[in-house]
Protein chains: 2
Amino acid sequence: MSQTATLLVIDDEPQIRKFLRISLSSQGYKVLEAATGSEGLSQAALARPDLVVLDLGLPDMDGQHVLRELREWSQVPVLVLSVRASEVQKVEALDGGANDYVTKPFGIQEFLARVRALLRQAPQAVAQESAPCFGPLTVDLAFRRVTLDGVEVALTRKEYALLAQLASHPGRVITQQQLLKDIWGPTHVDDSHYLRIVVAHVRQKLGDDPTSPRFIVTEPGVGYRLIGPDAI
Amino acid sequence: MSQTATLLVIDDEPQIRKFLRISLSSQGYKVLEAATGSEGLSQAALARPDLVVLDLGLPDMDGQHVLRELREWSQVPVLVLSVRASEVQKVEALDGGANDYVTKPFGIQEFLARVRALLRQAPQAVAQESAPCFGPLTVDLAFRRVTLDGVEVALTRKEYALLAQLASHPGRVITQQQLLKDIWGPTHVDDSHYLRIVVAHVRQKLGDDPTSPRFIVTEPGVGYRLIGPDAI
DNA sequence: TGAAGGTATAAAGAGTGCGTAAAGATCGCC
DNA sequence: GGCGATCTTTACGCACTCTTTATACCTTCA
């Protein structure tokens with residue numbers, strides 16, 4: 001998984017938080033922290049993390065309670081930490097909606113492996129966020145497919161690279177330098193006529209008219225931007 | 001979970017199997033058993049259990065190997081059992097595709113709770129199971145069988161590896177680098193002509209025409225993708 | 001009004017990538 | 001050890017994409 005996952009650590013002990021923050025950050029994860037249960041719940045609601053690490057021994061409210069409230073609206077994977085090794089505790093937490101239970105003290109390598117295992121089976125949220133739509137035009141970045149009125153449009157590498165770049169930032173102007181650098185490489189940032197030719201090809205395939213564009217708008221002297229029918 | 005889930009226990013020790021069978025059956029689960037790795041794999045392919053309990057210490061083949069083969073075609077949750085408590089072992093298993101790792105001896109209540117936790121998050125995995133179908137073409141990843149209009153197509157290792165890779169992500173473009181890395185290894189990511197030859201062979205065996213493809217579509221300069229008749 | 005900078009489009013040549021065939025090398029099986 | 005299947009290597013024709021070059025247009029400002 002190349003894109004960084006966001007993790008929320010809910011633990012009252014600062015040294016544990018620090019330990020986890022350092023360990024998880026070094027793996028490339030984005031780490032959020034909360035010292036209390038209520039803070040953790042509001043953070044989970046606001047930031048929508050991809051995984052929650054929850055310590056059962058919190059000062060303000062029972063860890064079980066936090067878990068139950070979280071599960072009322074979220075299916076995010078939860079890894080529970082606890083010093084209590086009692087089997088009853090584990091059963092309660094797991095049946096309360098936790099996905100894994102690790103007893104302190106624990107090996108950091110095992111902990112990280114369990115985090116990876118939990119994140120691995122959770123990419124359902126990531127999948128559906130691709131395929132931005134611009135009215136009759138859809139640009140599916142995951143499938144590398146472009147459709148116009150439902151029919152597929154055949155694009156060459158550079159044509160697709162251009163459209164994908166524009167579609168990644170809908171409505172925003174992408175400068176010519178940016179486009180040239182990403183498609184032709186840093187050595188061709190001055191060959192802006194390359195860009196015009198490819199833009200013309202894409203427009204032709206999309207049935208787009210530069211003077212009254214449906215999709216690709218020219219920003220003279222600056223760059224291009226991709227719009228939808230509702231003028232994003 | 002009201003309807004009974006089917007569990008597969010792969011363990012060579014009869015007393016462990018008996019213990020688990022009794023414990024799991026008393027919870028209402030349907031329990032299948034296998035004493036060896038190869039038996040476990042074929043059972044998993046035939047019965048499609050909802051969860052697999054896998055002991056790493058099998059007589060005929062390495063548990064890691066069983067896990068790897070299973071993961072080639074199935075997303076079924078796997079709970080690994082082991083007497084070895086080494087952290088390296090745990091990390092290997094979890095990164096190899098296991099969803100949980102329990103060290104023997106273990107408390108049966110905790111074990112059952114972990115089973116429940118794994119089954120709870122399982123329903124999304126069920127949907128994508130079984131053999132993907134592309135009109136007259138079926139690619140059964142579990143049995144390593146490819147059929148066209150109902151008759152089996154004989155494919156070589158590389159040919160099958162290519163088709164399986166494409167069939168794992170229907171409709172999605174798989175880049176040449178990805179295919180070369182997975183089939184020939186990271187040292188041959190530049191030998192794209194290997195790819196063309198194998199693609200040509202598969203196309204020939206499937207009666208597919210590159211210019212108007214039924215199945216394998218070329219994305220020039222990028223890679224290939226597998227489509228169905230309904231233009232996935 | 002005319003020149004200049006930036007833009008759109010067309011067309012031709014060069015170069016690359018793709019598909020196919022066939023021969024040599026290697027592996028596995030009997 | 002021999003044989004067949006599979007994989008690797010080599011070669012070549014073809015289509016397509018990219019680059020290059022050229023020309024017309026449009027807006028802005030002197």
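Letters A, B, ... are given to chains in the order of the sequence lines, protein chains preceding strands, and every chain is numbered from 1. Here the structure is a predicted model, which is why all the values come from computation and not from measurement.
Ring centroid separation for the pair B:F134 and B:F215 does not come in under the 6.0 Å cut-off.
In this structure, of C:dT9, C:dT7, C:dG19, it is C:dG19 that holds the atom nearest to the side chain of B:T218. The nucleotide whose nearest atom lies closest to any side-chain atom of B:R203 is, among D:dC18, C:dG19, C:dT9, C:dG19. Nearest nucleotide to the B:W184 side chain, out of D:dT8, C:dT7, D:dC7: D:dT8.
Note on B:S192: every side-chain N or O is 4.0 Å or more away from OP1 and OP2 of C:dG17. Contact annotation: A:R196 reaches the phosphate of C:dT7 (side-chain N/O to OP1 or OP2, under 4.0 Å). A sub-4.0 Å separation between OP1 or OP2 of C:dG19 and a side-chain N or O of B:Q204 is absent. In terms of phosphate contacts, A:T156 brings no side-chain nitrogen or oxygen within less than 4.0 Å of OP1 or OP2 of D:dC16. Side-chain N/O atoms of A:Y224 include one lying less than 4.0 angstrom from OP1 or OP2 on C:dA8.
Mapping A:T211 and B:L155 onto DNA chain D by nearest heavy atom places B:L155 at the nucleotide closer to the 5' end. Across the interface with DNA chain D, nearest-nucleotide mapping of B:H193 and A:H188 shows B:H193 to be the residue nearer the 5′ end.
Using a 3.5 Å distance cut-off with no hydrogens or angles, the side chains of B:R203 and B:T218 do pair a donor with an acceptor.
Under the 4.5 Å side-chain criterion, counting only non-hydrogen atoms from C-beta, A:I183 is not in contact with A:Y160.
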